[in-house]
Every structure is written in C-alpha cells, then in structure tokens.
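Notes follow the structure.
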Amino acid sequence: MDHFLYRDGILHAEDVPVPDIAAAVGSPFYVYSTATLTRHFKLFDEGLDGVPHLVCYAMKANSNQAVLKVLEQLGAGVDVVSGGEYARAKAAGFSGDRIVFSGVGKTREEMRQVLEGGVRQINLESEPEMRLLSEVAASMGVTVPVTVRVNPDVDAKTHEKIATGKKENKFGIPIARAREVYAEVAALPGLDVVGIDVHIGSQLTDLQPFRDAYNLVVSLTEQLRAEGHDIRRLDLGGGLGIPYERSNAAPPLPTDYCEMVKEVVGPTGCEVEIEPGRLIAGNAGILVSGVIFVKSGEGRDFLILDSAMNDLIRPAMYGSHHDIVPVKEPVAGVEYAPYDIVGPICESGDTFAKQRQMPPVAPGDLVAFRSAGAYGAVMSSEYNTRPLIPEVLVHEDQFAVIRPRPSFDEIIARDKVPAWL
Ligand SMILES: *Cc1c(COP(=O)(O)O)cnc(C)c1O
C-alpha cells in the first residue's frame, strides 16, 4: 500500500498533485512519501511487538538525509555497509548504539571510524576480517560487540544478482563451519561475541527460505550456547520483497513475516534485529519522467523519456519490472497500445520496458515509475553528463526538495585539470 493515488484524474503524492512538483523542479525527479515510509517502518516495528527488537533500516536502499531523518525520528536503527553510509547515518542523528555495520569488505579505516564514533555491533563475514577487527579494537583499547554472518546455503529463489545465502555466494561463513569460527572469534581480544547474523538475499517473495534459514540459526544458537557462547542477539537481515507488478500475486506482508519471525526465533529469548531496506523505501517512492518523443518504428513504437538508465538502473541491470503509469489518469474505455519505453542514452540497454501496454501519451506528458523509492536514486550516476535528478519529499500537502539537481557548472567544476595542460 502506498500514498500515490489518482485524485480528480491526477496522480498525487499524498495531498500534493504530481504536476505541481514537476512545475517547481522540472522532470525527471524522484518523489518520496513520508506517510508510506512511516507506515512501512511501523508494520515491522509493531509486528515484532512482544519480542525485544530493533528494526535497522538498510539504508543502502535510499540514503537521503531526509529519508533517514524520518526513520530516525520514528526510533529506527540503521544497517550501514560503508564508512560513507556510517557518516550519513551519524549526520542524520542516529546514535552509534542504533547503527549496525555490515558488509563483506570492511577496511581498517572504516573499522577505526566506527569504533571511534560508536557502533551497536559489527557483523563479521570472514576470519581475516575478525583478526583485523580484533587488532584494530585492541590497539584502540576498546571491545566491540560482534556477530558472525553465517551463510545457511538456502536458495532465496530470487534474481541471481541479489541472492546472498547460497554457498557459492561471497557472503558470510558456511554455517557448517560456524562452531569452529565462533571458537576462534571468542578467543580474540577486543571482540565481544553477542550473536549471529544472517541475510539471504533481496526481493524474496516467499517466507519459506527465510523460515529455513532462521530455523538453522536457532539450532546454531543452541549449539553455540552449549559450547559456552552467550548468544543473546539475532540479526535476521532484510530481503522481504515488494509487489513491483500490481497484476502479480502479492508477496507476503510484513505482518506475516514478523509472525513467522516471532514463532521461529521467539523461543530463543534473543533480542531480534531485522534489516529491511526495499520494503521500507521501495513503494514509498516514484520516479516522474516527461515524454520527449513518441516515435513510430518498424513494427514497434517507442516512448522516449527524459529519464534514462543512469537515473534508474534496475531494468537494465536486473531486467526488473516497474509499473509505468501516466500522471493524468487514463479515461475509462481508452485504447491501450504496446510501446517500448526507453531513455535517450546511446545504449540499447537503456530500455525500461518492452512492448508495454500504455494509454495514449503525447510529448510533454508526465509518466510515473512506481516502486522506485529503493535502489533508484542511490544507484544513479551522471553517465552522459546527465545531472543527478532531484529528490523530493512529500508530507501531507507540503513538499520539499531534499536533493537539488546540480548545474552543469557544478558537475564540470568537480573535475580538476592538471597544471601542465
Ligand atoms: C541489502 C541488505 C539488506 C536489505 O535488503 P532489502 O532487500 O533491501 O531488504 C539488509 N541487510 C544486508 C546485510 C544487506 O546487504
């Protein structure tokens, strides 16, 4: 459920007509809804009522300061995967005890940064990383709470580029070796082993892989406790999918996911952390784009938009589907026709949809890509020297630009020409 609905024939973001935003900032742009972000966070937070928990938003999905601030004020934690994200989380007001640091390749500098600034826990993914963190923490005279990310070897049944819980993936340590690894990590100075971490992938549309993975984590909790480890916190990762295609069967709801979590891991008595990213931000955002041309081709027609793969790379990278709807609501009974919907970049990969049924649209009209709030703006680039597009946050009848479009001069000024030229 989101807050982008037609009202009086015009798509609105909460109470703001989308064309009003376009008139103020120009297309293309991203718009996010505060009400949807809030609603999604609360579905998880309230869904886990009854067990001690912290919902740690995976900020790589959308790391704008304003989006972070909304979640910070709701009492969320945050999952960060780089020193840059850690700095962004701090800047948005998250205290260290609400920041979890994940990722397969943390550097010495990043470790030092989070140990100095404070961190709730660091999720470790390999033995070399444990040894390095131990060395860094001991040299600073501190002890840091850690978990080990285990790879449960379950098939998340999602796109291969976002599956992370099979043994051939680069993530975590094989669960079969966990006891040996925990024995080693517990003996290292500067590290306090508090729990277990698992994250099996993204855009999962079935609860069974989660359930399988969490059951393995529960068994491991019992084994590790029997061996003297004080396992008191389980980080269950993120990954719950969202409905990208309205016409498809909907994935499980956060409330169902939370019920399953409580049923499976509740009996351990552990504090639970979850790290949803896509489910919080995905349907809280749309990408609004203008139609430049409608071009008739050999046997197919093209809608050429002013947004491109540099603004939203998911279709090019994962072949993913986004519903694309006109901002002006199609009148009932109007005839739809198939279009290839493309951007202006000189690559055939710059195609958002092939043979998509669309109502009649004309140059100058606006269209909206639904479910673009996660892994949209954060994955964008300035390829073709196309400026990063503005991001706008809506709250009821107000809107604010939360990242302006840079000017060409600002973009060019980032390059530095050596003195010898
Ligand atoms: C990407 C990631 C998440 C969030 O995944 P979503 O599919 O966006 O919920 C959570 N935890 C870790 C460790 C991740 O890498």
Side-chain angles (χ1 to χ4, degrees), residues 32-34 36-48 52-107 110-125 144-147 149 164 171 194-195 197-199 202 233-240 242 254 257-258 261 271-285 373-379 391 393 402-403:
Y32 311 127
S33 155
T34 305
T36 312
L37 290 168
T38 303
R39 179 184 140 81
H40 289 164
F41 170 75
K42 285 191 172 165
L43 283 175
F44 284 113
D45 193 37
E46 289 166 9
L48 289 177
H53 66 272
L54 186 66
V55 178
C56 297
Y57 169 58
M59 66 177 276
K60 72 177 192 278
N62 185 324
S63 54
N64 188 288
Q65 285 291 295
V67 169
L68 294 181
K69 197 88 202 162
V70 168
L71 294 162
E72 192 278 326
Q73 289 181 357
L74 291 168
V78 68
D79 176 64
V80 309
V81 292
S82 70
E85 284 196 349
Y86 179 85
R88 272 184 184 274
K90 276 307 206 53
F94 285 94
S95 53
D97 62 0
R98 283 199 281 159
I99 305 178
V100 170
F101 188 21
S102 300
V104 273
K106 304 173 195 80
T107 65
E110 287 173 322
M111 291 174 180
R112 213 173 269 137
Q113 176 192 1
V114 308
L115 291 178
E116 268 165 18
V119 68
R120 177 181 181 80
Q121 104 218 2
I122 298 184
N123 295 333
L124 296 169
E125 298 220 14
V144 58
V146 297
T147 72
R149 176 169 176 178
T164 59
F171 301 95
V194 297
D197 172 44
V198 70
H199 170 73
S202 196
R233 189 182 286 174
L234 300 179
D235 181 339
L236 302 176
L240 188 59
I242 64 171
Y257 169 83
C258 289
V261 165
E271 179 182 19
V272 170
E273 291 165 350
I274 57 171
E275 303 169 342
R278 189 187 308 271
L279 207 139
I280 288 182
N283 282 330
Y375 306 107
V378 285
M379 289 181 122
E391 293 176 279
L393 183 68
I402 58 172
R403 186 183 69 189

Checklist entry - Only one of Val119, Leu124, Val194 clears side-chain contact (heavy atoms from CB on, under 4.5 Å) with Val146; which? => result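 Of Val119, Leu124, Val194, side-chain contact (heavy atoms from CB on, under 4.5 Å) with Val146 is met by Leu124 alone.
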Report the residues that fulfil side-chain contact (heavy atoms from CB on, under 4.5 Å) with [X], sequence neighbours left out, ordered by chain and then residue number.
{"X": "Glu110", "result": "Ser82, Phe101, Lys106, Thr107, Gln113"}
{"X": "Val104", "result": "Glu125, Lys170, Phe171"}
{"X": "Asn64", "result": "Asn62, Ala66, Val67, Glu391, Ile402, Arg403"}

Item to check | Inter- and intrachain pairs under salt bridge (charged side-chain N to carboxylate O under 4.0 Å, His left out), touching residues 271-283, at least two apart | outcome: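 Salt bridge (charged side-chain N to carboxylate O under 4.0 Å, His left out) check on residues 271-283 returns Arg120-Glu271, Arg120-Glu273, Arg233-Glu271, Arg233-Glu273.
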Next on the checklist: Does anything in residues 83-95 form a salt bridge (charged side-chain N to carboxylate O under 4.0 Å, His left out)? List the pairs, not counting sequence neighbours.
Outcome noted: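 Found none.
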Checklist entry - Which atoms form the tightest heavy-atom contact between Ile242 and Gly282, and what is the distance? => result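 Where Ile242 meets Gly282 most closely, the heavy atoms are CD1-CA, 3.9 Å.
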Next on the checklist: Quick check: closest heavy atoms across Phe41 and Ala76, and the distance to 0.1 Å?
Outcome noted: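 That closest heavy-atom pairing would be CE1-CB, 3.4 Å.
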Checklist entry - What's the verdict on side chain to side chain contact (heavy atoms under 4.5 Å, CB included) for Thr164 and Arg149, showing C-alpha distance, side-chain angles and the deciding distance? => result CA-CA 11 Å; Thr164 59; Arg149 176 169 176 178; 3.5 Å; yes
Item to check | Residues forming a side chain to side chain donor-acceptor pair (under 3.5 Å) with Ser33, sequence neighbours excluded | outcome: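 With sequence neighbours excluded, Ser33 shows a side chain to side chain donor-acceptor pair (under 3.5 Å) to Glu14, Thr36, given in chain and number order.
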Item to check | With sequence neighbours excluded, residues passing ring-ring contact (aromatic ring centres under 6.0 Å, His included) with Tyr257 | outcome: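 Only Phe210 meet the ring-ring contact (aromatic ring centres under 6.0 Å, His included) criterion with Tyr257.
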Checklist entry - Between CD1 of Ile274 and CG of Asp45, what distance do you get to the nearest 0.5 Å? => result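 Interatomic distance, Ile274 CD1 to Asp45 CG, rounded to 0.5 Å: 8.5 Å.
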Checklist entry - How far apart are the C-alpha atoms of Met59 and Val80, what are their side-chain angles, what is the distance that settles it, and do they pass the side chain to side chain contact (heavy atoms under 4.5 Å, CB included) test? => result CA-CA 6 Å; Met59 66 177 276; Val80 309; 3.7 Å; yes
